[in-house]
Amino acid sequence: MIHDEDISRVPYRVFAGADRRPGSLQDAAAALRTGALVVFPTETVYGLGAATTAPSAVRRIYEVKGRPQRNPLIVHVADISAAREVAAVWSDLADDLARHFWPGPLTLVVARGPNVPDIVTAGGPTVALRCPSHPAAVALLRQAGVPVAAPSANPSGYVSPTSVEHLAPTVIAAAAWIIDAGPCPGGIESTVLDVTRVPPRILRPGLITAEQIEAIAGPLAETRDMHDRHVKSPGLLGRHYAPHARVVVVRSEEEALGTFATSGEPPGMVAWLRLREPASAPAGCRVVCMPEDPRAYARALYDTLIRLDREGVRLIMVDEPPDSGVWRAIRDRLLRASLR
Ligand code: TXA
Ligand code: MG
């Protein structure tokens with residue numbers, strides 16, 4: 001449980017997107033209520049939010065991100081009772097999971113209630129709900145007093161921002177207020193779980209693992225492997241969570257060396273995110289040693305990709321991560337980033 005006073009323990013500052021003048025959390029909450037956009041931190045990544053009670057503001061989120069209109073948004077709520085007001089059906093299972101994992105990085109897809117505008121759900125019959133644990137997000141949601149639809153605050157398809165330094169100028173310009181609380185502790189997006197079906201199915205792996213959910217919900221429906229989904233429905237997915245640089249997941253040192261040798265990239269334009277101690281690296285290839293702990297890896301990943309992009313790196317080779325626990329979410333993001 002997070003209390004309002006917790007916000008006083010997180011250093012944060014609020015500034016206007018247009019001219020960087022300072023503001024307060026109250027300013028940001030009031031702006032949401034009156035139909036403006038606010039960038040706010042969560043424990044996973046930064047979000048670009050609009051009140052669900054202001055459909056035209058929600059529409060602007062799609063415009064600013066260049067997001068396809070058929071891709072629905074997650075609605076952020078302050079607590080379970082706010083979630084119940086948004087959902088048409090709040091099942092015992094949803095309640096158990098929320099009691100266990102909220103506030104935190106688990107998004108529950110449930111039947112959509114009558115107060116949710118079409119623009120939030122892309123016209124679909126379900127709504128994705130999440131109660132974030134970041135103290136600044138909790139305080140904002142409480143003060144705003146309205147559900148907040150928010151995707152990650154990146155241009156559609158690009159890497160999600162995990163700090164304010166990652167925000168694109170277009171996103172900064174569109175935000176009435178930006179709440180800067182430093183780097184997000186999680187680093188990758190929430191787990192999305194469809195609880196409208198039995199057994200429930202993970203739609204997007206995240207920091208809350210299948211094993212953790214199964215301990216509460218029982219066995220889950222199988223989540224198909226990203227490669228498999230890509231091969232079966234290439235039009236549906238496409239490249240996502242991707243830097244401008246080409247990403248190649250490599251399964252062995254030989255594969256990496258071969259990829260490097262045939263890349264045709266000039267020296268200094270190739271990076272290799274390594275999980276294992278490098279035996280050797282070819283000249284002209286930048287080796288970045290990534291954390292061996294999956295949570296630390298997740299926290300570092302997007303910042304690393306964005307930094308390399310900004311340095312003009314054109315090819316990023318990544319050691320294939322393991323296929324268990326939190327690593328599964330990291331694999332998912334890397335495989336999507338590597339689609340072309
Ligand atoms: O950690 C997070 O979830 C972050 C922070 C800001 O909360 N948000 C985030 O939102 O990652 P976004 O929009 O970048 O990703 C939301 C994902 C998308 O893959 C979207 O298709 C899926 O959730 N989604 C949203 N509503 C859905 C629904 N009703 N049914 C199925 N999937 C849904
Ligand atoms: Mg996103």
Side-chain angles (χ1 to χ4, degrees), residues 37-50 52 58 61-62 64-77 83 86-89 94 101-113 116-134 136-138 140-141 147-163 166-168 171 175 179 181 184-197 200-208 223 226 229 236-242 298-299 302 329 332-333 336-337:
L37 305 188
V38 170
V39 171
F40 63 98
T42 79
E43 70 280 17
T44 59
V45 301
Y46 275 80
L48 175 64
T52 60
V58 178
I61 292 179
Y62 285 84
V64 171
K65 281 182 63 90
R67 183 178 179 106
Q69 291 254 346
R70 64 187 150 74
N71 194 359
L73 304 179
I74 295 175
V75 174
H76 296 67
V77 290
V86 177
V89 179
F101 295 108
W102 284 5
L106 177 66
T107 296
L108 297 172
V109 173
V110 302
R112 159 197 178 183
V116 187
D118 271 337
I119 186 76
V120 170
T121 66
T126 60
V127 62
L129 288 172
R130 151 159 153 74
C131 175
S133 65
H134 195 294
V138 176
L140 178 71
L141 289 167
V148 172
S152 50
N154 51 283
S156 186
Y158 195 67
V159 185
S160 300
T162 57
S163 79
H166 297 160
L167 294 173
V171 172
I179 302 170
C184 298
I188 57 172
E189 305 79 359
S190 63
T191 305
V192 179
L193 183 73
D194 180 359
V195 289
T196 65
R197 61 187 304 291
R201 168 175 280 149
I202 291 179
L203 303 177
R204 179 176 70 183
L207 293 168
I208 306 252
T223 306
M226 265 319 300
R229 276 188 273 171
L236 258 171
L237 278 145
R239 194 166 144 91
H240 215 96
Y241 310 104
R299 198 177 305 130
Y302 290 167
D332 172 80
R333 305 306 187 270
R336 293 203 215 201

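Note that the structure is predicted; figures quoted are calculated from it, not measured. Note that ligands are numbered from 1 as they come in the structure, with each ligand's atoms numbered from 1 the same way. Residues: numbered from 1 along the sequence shown.
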Distance to 0.1 Å, residue and atom name: give those for the protein heavy atom nearest to [atom].
atom	result
atom 22 (C) of ligand 1	P72 O, 4.4 Å
atom 18 (C) of ligand 1	N71 OD1, 3.9 Å
atom 16 (C) of ligand 1	I74 CD1, 3.5 Å
atom 6 (C) of ligand 1	G47 CA, 3.7 Å
atom 15 (O) of ligand 1	R204 NH1, 3.1 Å

Using a 4.5 Å cut-off on heavy atoms from C-beta on, say whether the side chain of I61 contacts that of R67. no

V89 side chain reached by V110 side chain, heavy atoms, under 4.5 Å: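 They are not in contact (no side-chain heavy atoms under 4.5 Å apart), so the answer is no.
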
Please confirm whether [X] comes within less than 3.5 Å of ligand 1 when only nitrogen or oxygen atoms on both sides are compared.
X	result
S152	yes
T44	yes
T107	no

R130 and ligand 1 - part of the residue with a heavy-atom distance under 4.0 Å: side chain

Specify side chain, backbone, both or neither for L203, according to which of its non-hydrogen atoms lie closer than 4.0 Å to ligand 1.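 Answer for L203: side chain.
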
Using modelled atom types only, decide if a donor and an acceptor are shared between the side chain of [X] and the backbone of [Y] within a distance under 3.5 Å.
X	Y	answer
Y46	C184	no
T42	T44	yes
R299	P185	yes
K65	A153	no

Would you say S160 and E189 are linked by a side-chain donor-acceptor pair, where the criterion is simply a distance under 3.5 Å? yes

Just by distance, no angles: are the side chains of R204 and S190 close enough, under 3.5 Å, to form a donor-acceptor pair?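 Result is yes, a qualifying pair exists.
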
Just to check, does [X] reach to within less than 4.0 Å of ligand 1 when the distance is taken from its heavy atoms?
X	value
T126	yes
R67	yes
E43	no

Under 4.0 Å from any heavy atom of [X], which atoms of ligand 1 are there?
X	value
E189	1 (O), 2 (C), 11 (O)
A128	25 (C), 26 (N), 27 (C), 29 (N)
S190	1 (O), 2 (C), 3 (O)
H76	5 (C), 6 (C), 7 (O)

Within 45 degrees of the axis of the six-membered ring of Y241 and under 6.0 Å from its centre: does R336 put its NZ or CZ there? no

State whether N154 contributes an N/O/S atom found under 2.8 Å from the Mg ion (ligand 2).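 No, N154 does not qualify, because none of its backbone or side-chain N, O or S atoms lies under 2.8 Å.
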
With a 4.0 Å cut-off, would you call E43 and R130 a salt bridge?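 Salt bridge present between E43 and R130.
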
Please report, to 0.1 Å, the donor-acceptor pairs under 3.5 Å made by any side chain of residues 121-128, with sequence neighbours excluded.
| unit_1 | atom_1 | unit_2 | atom_2 | d |
| --- | --- | --- | --- | --- |
| T121 | OG1 | R112 | NH1 | 3.1 |
| T121 | OG1 | G123 | N | 3.3 |
| T121 | OG1 | G124 | N | 3.4 |
| T121 | OG1 | G124 | O | 3.2 |

